[in-house]
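Notes follow once the structure below has been shown.
Computed from a predicted model, the values in this text were never measured in an experiment.
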Amino acid sequence: MKKTFAALVAVATIAGSLAATPASAQRGVAAGVVGGLIGGAIIGGAIASSRPAYAAPAPVYVDDYPPSCRLVRERFWDGYGWSYRRVEICH
């Protein structure tokens with residue numbers, strides 16, 4: 001907002017200074033063209049820098065991936081003694 005206000009003040013200052021000077025026909029046309037180019041550059045720069053041209057979308061976290069599973073060796077008592085078996089653990 002500050003940049004836009006500054007651009008408008010600059011354009012108004014240039015327009016006021018051009019209108020206050022006495023000019024012949026050639027001088028008035030050239031001054032008008034130069035003032036228009038400068039004013040357009042200032043306003044265009046203020047508009048271009050006021051909002052981003054591209055904003056990345058927010059990240060999306062999806063929990064649809066298959067769970068990570070692994071096989072671990074587990075010791076257990078089978079009633080006669082200790083044995084081992086492979087068990088799949090998923091997180």
Side-chain angles (χ1 to χ4, degrees):
M1 189 67 180
K2 290 180 183 179
K3 290 182 182 180
T4 305
F5 180 70
L8 291 175
V9 169
V11 170
T13 304
I14 292 171
S17 67
L18 291 175
T21 58
S24 65
Q26 294 93 8
R27 188 186 227 189
V29 172
V33 170
V34 171
L37 290 174
I38 291 172
I42 291 172
I43 292 175
I47 291 172
S49 66
S50 66
R51 60 180 180 267
Y54 173 75
V60 177
Y61 300 102
V62 179
D63 197 21
D64 291 339
Y65 296 110
S68 60
C69 298
R70 61 188 176 108
L71 288 173
V72 295
R73 221 171 121 192
E74 182 178 82
R75 190 175 135 183
F76 71 99
W77 180 260
D78 65 358
Y80 298 104
W82 289 103
S83 296
Y84 293 93
R85 64 180 169 199
R86 300 187 116 198
V87 179
E88 186 177 24
I89 304 289
C90 296
H91 297 281

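- To the nearest 0.5 Å, atoms CZ (Arg70) and CD (Glu88) are separated by 11.0 Å.
- Between atom CZ of residue Arg85 and atom CG of residue Leu71 there is a gap of 13.0 Å, rounded to the nearest 0.5 Å.
- Minimum interatomic distance between Phe76 and Tyr84 (heavy atoms only, all atoms of both residues): CE2-C, 3.9 Å.
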